[in-house]
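First comes the structure, then the notes that go with it.
Owing to the predicted nature of the structure, the values given are computational and were not obtained by experimental measurement.
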Amino acid sequence: GLNTSHLTTTMSTEQYSKGLAGVFVAESAICTVGVKGVGLNYRGYDIKELAAQSTFEEVAYLMIYGRLPTEQELVAYIRTLSSLRQLPGALCDVLERIPSSAHPMDVLRTGCSLLGTLEPESKTNDQYQIANRLIALFGSMLLYWYHWTTSGKRIQTTTHQDDSTARNFLKLLRLDGQEPPALHVKVVDVSLILYAEHDLAASSFCARVTTSTLTDFYSGICSAIGTLRGPLHGGANEAAMKLLEQFNNPQDAETGIMKMLSNKELIMGFGHRVYRNGDPRNPIIKEWSKKLSQEEGGDPNLFAVSERVEQVVFREKKMFPNLDFYSASAYNQVGIPTLFFTPVFVISRTTGWAAHIIEQRANNKLIRPSAIYTGPDSRPYIPLKDRK
Ligand code: ACO
């Protein structure tokens with residue numbers, strides 16, 4: 001039993017929920033996750049419709065400004081993002097000093113923090129401008145650092161006017177000036193839509209906690225990036241790819257997964273805190289991963305291995321893949337290096353984080369829960385000289 005007699009609040013331990021599972025801690029009009037009979041939607045729009053009909057820039061606008069843009073507003077917004085993709089010189093200098101062995105998530109966290117010193121939040125550089133700047137700049141930061149540290153090349157221009165976020169990212173990744181295949185651009189665009197928002201996932205909650213102290217916008221995003229990085233959250237897409245790479249064929253996957261399950265190892269890309277009967281984003285990304293595998297340059301074996309992993313985990317544990325699982329094979333097939341999977345998630349989720357920061361500020365209350373104390377009872381202080 002937990003001793004709570006010392007508690008001076010009206011809280012009881014019945015309200016205790018480890019990991020805050022099943023606890024409501026905020027009101028939010030941004031996104032539904034696990035709301036009975038509703039499915040997953042962003043500000044009321046079904047994720048299936050958004051993934052089928054909209055673009056990431058429309059969704060980003062929806063997140064940040066609270067409504068879908070008109071055609072004219074969208075054209076202007078795409079242009080705005082393009083114009084924000086050039087890196088400040090001081091940021092390039094710092095990126096060049098980050099070792100090539102660094103994890104790309106640490107590069108983005110550092111870049112975000114540095115930008116907060118170069119372009120601090122102010123009345124003239126407000127939360128909306130910073131949100132757009134970061135969405136535009138994360139891809140530039142990552143790929144500038146990548147090309148410099150791996151081949152000593154400085155990208156001269158990190159922007160191509162009127163390119164979408166997805167196309168610009170794939171262009172910068174290649175550096176040969178070639179247009180990325182339309183299907184690759186489409187798949188990355190859809191994945192950015194699917195990753196944009198997911199109510200109080202650990203990183204968004206963290207952004208809200210940070211924001212609730214009335215700190216600046218960059219601090220909220222830095223906290224969120226650090227939180228997304230771990231394999232129980234965004235890092236799962238990278239971890240899922242590393243898992244899939246171990247298997248040469250579906251039979252290998254069958255054997256390997258059975259072994260992992262009997263060792264009680266986590267299968268990355270499966271399970272979810274809120275969804276118990278499947279992640280509504282999974283069928284969408286799975287379909288695109290399958291399509292890639294059927295096209296020239298695709299990897300049918302990787303898709304077959306992924307499907308076998310899905311079948312075995314369902315058969316043995318009744319668990320479903322989450323968005324991260326088929327994102328791994330999709331990103332791999334469009335040529336994104338495994339270590340960049342979670343950074344792509346950052347580019348997208350910055351829109352959701354921004355929405356949460358803006359919403360938290362509009363109706364702020366310091367987020368400060370309590371812990372149930374399990375330490376020693378009161379005891380006398382031992383002076384240093386008497387300590388053994
Ligand atoms: N592989 C194997 N077993 C699992 C997995 C998994 N991926 N996920 C859950 N389980 C097991 C747990 O070990 C636990 O078993 P037990 O009751 O015998 O102890 C049971 O299922 C319940 O799981 P919990 O850990 O209590 O679920 P929780 O809600 O705390 O965790 C989480 C959810 C972190 C997502 C978990 O399912 C997990 O670790 N998955 C792998 C990482 C992952 O894919 N994360 C991505 C999340 S989605 C996203 O960020 C887009």
Side-chain angles (χ1 to χ4, degrees), residues 33 40 47 51 56 103-109 138-139 142-143 146 165-166 169-170 173 184 186-198 201-204 206 224-247 253 257 260 265-275 278-293 298-299 302-303 305-307 309-310 313 319-353:
V33 175
L40 173 59
I47 187 74
F56 171 64
H103 193 285
M105 286 296 280
D106 300 345
V107 175
L108 294 190
R109 198 191 55 223
F138 278 138
L142 177 72
L143 295 165
Y146 171 63
T165 307
F169 184 86
L170 290 174
L173 186 61
H184 292 192
K186 176 69 184 168
V187 173
V188 173
D189 192 64
V190 170
S191 106
L192 292 173
I193 293 173
L194 297 177
Y195 269 131
E197 162 58 12
H198 217 219
S203 57
S204 302
C206 184
I225 295 172
T227 308
L228 189 73
R229 185 188 192 286
L232 295 191
H233 189 7
N237 57 12
E238 177 190 322
M241 192 62 223
K242 288 181 173 156
L243 171 76
L244 293 168
E245 274 166 351
Q246 295 171 29
F247 308 129
I257 295 294
M260 286 179 75
E265 284 177 60
L266 282 179
I267 314 296
M268 292 308 183
F270 286 83
H272 198 272
R273 171 59 64 78
V274 181
Y275 299 132
D279 181 335
R281 303 166 296 181
N282 175 58
I284 304 173
I285 195 68
K286 181 178 175 182
E287 202 48 43
W288 284 108
S289 178
K290 183 177 182 182
K291 191 166 173 53
L292 283 165
S293 75
D299 188 343
L302 176 62
F303 186 77
V305 164
S306 305
E307 266 202 315
V309 172
E310 179 183 3
V313 175
M319 275 191 337
F320 295 84
N322 56 54
L323 172 60
D324 286 325
F325 186 66
Y326 281 101
S327 297
S329 52
Y331 285 174
N332 180 273
Q333 293 180 91
V334 303
I336 300 177
T338 305
L339 286 175
F340 293 1
F341 289 8
T342 319
V344 175
F345 192 159
V346 170
I347 296 171
S348 164
R349 187 59 62 87
T350 299
T351 65
W353 292 334

N332 vs T338, side-chain hydrogen bond (donor to acceptor under 3.5 Å, both in side chains): CA-CA, chis, key distance, verdict: CA-CA 7 Å; N332 180 273; T338 305; 4.8 Å; no

Please answer whether the main-chain N or O of G271 pairs with a side-chain N or O of N322 as donor and acceptor at a distance below 3.5 Å.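 A pair under 3.5 Å: yes.
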
Do side-chain atoms of H272 reach the backbone of D279 as a donor and acceptor pair under 3.5 angstrom? no

Test item: [X] and [Y] side chains (from C-beta on) under 4.5 Å apart, heavy atoms:
X	Y	result
M241	F341	yes
V346	R229	no
F169	L192	no
E310	Y326	yes
S293	L302	no
I257	L243	yes
I225	F138	yes
F303	L292	no

Roughly how far, to the nearest 0.5 Å, is [atom2] of [Y] from [atom1] of [X]?
X	Y	atom1	atom2	result
L108	T342	CG	OG1	10.0 Å
I284	I193	CD1	CD1	9.5 Å
S204	L228	OG	CG	8.5 Å
H184	D189	NE2	CG	14.0 Å
M268	N237	CE	CG	11.5 Å

Residue pairs, two or more places apart or on separate chains, that pass salt bridge (Lys or Arg N to Asp or Glu O under 4.0 Å) and touch residues 325-353: none

Of the non-hydrogen atoms in [X] and [Y], which two are nearest, and what is the gap between them?
X	Y	value
A166	V188	CB-CG1, 3.7 Å
I47	L194	CG1-CD2, 3.7 Å
Y195	S348	C-OG, 3.0 Å
P337	Y146	CG-OH, 4.3 Å
P343	M105	N-SD, 3.6 Å
V309	A253	CG2-CB, 4.0 Å

Determine whether more than 12 heavy atoms belonging to other residues, nucleotides or ligands lie under 6.0 Å from atom NZ of K186. yes

Of all residues at least two apart in sequence or in a different chain, which pass the side-chain hydrogen bond (donor to acceptor under 3.5 Å, both in side chains) check with E197? H356

Applying side-chain hydrogen bond (donor to acceptor under 3.5 Å, both in side chains) to K242 and not counting sequence neighbours gives E238

Only one of S327, S306, S329 passes side chain to side chain donor-acceptor pair (under 3.5 Å) with S289, and that residue is S329

For L143 and F340, what are the C-alpha separation, side-chain angles and deciding distance, and is it a side-chain contact (heavy atoms from CB on, under 4.5 Å)? CA-CA 10 Å; L143 295 165; F340 293 1; 3.8 Å; yes

I'd like to know if the side chain of Y275 pairs up with that of N282 as donor and acceptor (distance under 3.5 Å, no hydrogens or angles considered).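 Judged by distance alone, the side chains do not pair up.
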
